[in-house]
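Structure first, then comments.
Note that this is a predicted model, so its numbers are computed, not measured. For this chain, numbers begin at 1 and follow the sequence in order.
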Amino acid sequence: MFAMTLWLGNSAYLYISVAFAQMLKAIMPVAVFLLGTAFGLEEMNCKMLAIMSIISVGVIVASVGEITISWVGVVYQMGGVVAEALRLIFIEIFLKKKGVRLNLISMMYYVSPCRYLVHQLPRLILETTVCSHNLICDFPAVPFACSFPGCS
């Protein structure tokens, strides 16, 4: 989900402005709450529904002033928001429901190497065409080595 968040969020910048993308990211609490209720982690009540409605209306009002709306960029950005919300929900389900209590830094210590390897596969596939057109293609071995736990 983190890879999807990066890919969709960064792809959105090709079609929409940075300011508009940031306005659309403000809908994140609504996405997390709705997906949390769908997965049974949150309980829907009138108070939370009113809060989520206010956030949604605020995002809509902030977005009305956008002169040129590229719907492709909006779809990419909303896909990134949903992927990030799913990532947070999955962390809640897989870690906290199983009794694992990790703070953010500890979790990053264990997840980052796996995340790095997952990002390297598409990078190697997609950038081999770029490397084949250049005479010299440098592979960053130092960041690869430093992404594993215990490397300091």
I'd like to know if Val72 and Met4 are part of one continuous hydrophobic network [Ile/Leu/Val/Met/Phe/Trp/Tyr, side-chain heavy atoms within less than 4.5 Å]. yes
Side-chain heavy atoms under 4.5 angstrom apart, residues restricted to Ile, Leu, Val, Met, Phe, Trp, Tyr: same cluster for Met23 and Val64? no
CA sep, side-chain torsions, deciding dist, call: Leu35, Phe90, side-chain contact (heavy atoms from CB on, under 4.5 Å): CA-CA 10 Å; Leu35 287 172; Phe90 289 155; over 6 Å; no
Output every pair passing side-chain hydrogen bond (donor to acceptor under 3.5 Å, both in side chains) with a member in residues 69-81, not counting sequence neighbours, ordered by first then second residue. none
By the side-chain hydrogen bond (donor to acceptor under 3.5 Å, both in side chains) test, which pairs, at least two apart or in different chains, include something from residues 13-34? Tyr13-Gln22, Tyr13-Lys25
OG1-CG distance between Thr5 and Asn10, expressed to the nearest 0.5 angstrom: 10.0 Å
Kindly compute the distance separating CG (Leu41) from CD1 (Ile89), expressed to the nearest 0.5 Å. 5.0 Å
Name the atoms and distances for all side-chain donor-acceptor pairs under 3.5 Å in residues 47-60, with sequence neighbours left out.
| residue | atom | partner | partner atom | Å |
| --- | --- | --- | --- | --- |
| Ser53 | OG | Leu49 | O | 2.8 |
| Ser56 | OG | Met52 | O | 2.9 |

Considering non-hydrogen atoms only, spot the tightest contact between Ile69 and Ser63 and give its length. CD1-O, 4.3 Å
Could you check whether any side-chain heavy atom of [X] comes within less than 4.5 Å of a side-chain heavy atom of [Y], counting everything from C-beta outward?
X	Y	answer
Ile27	Met78	yes
Val81	Leu24	no
Met44	Leu34	yes

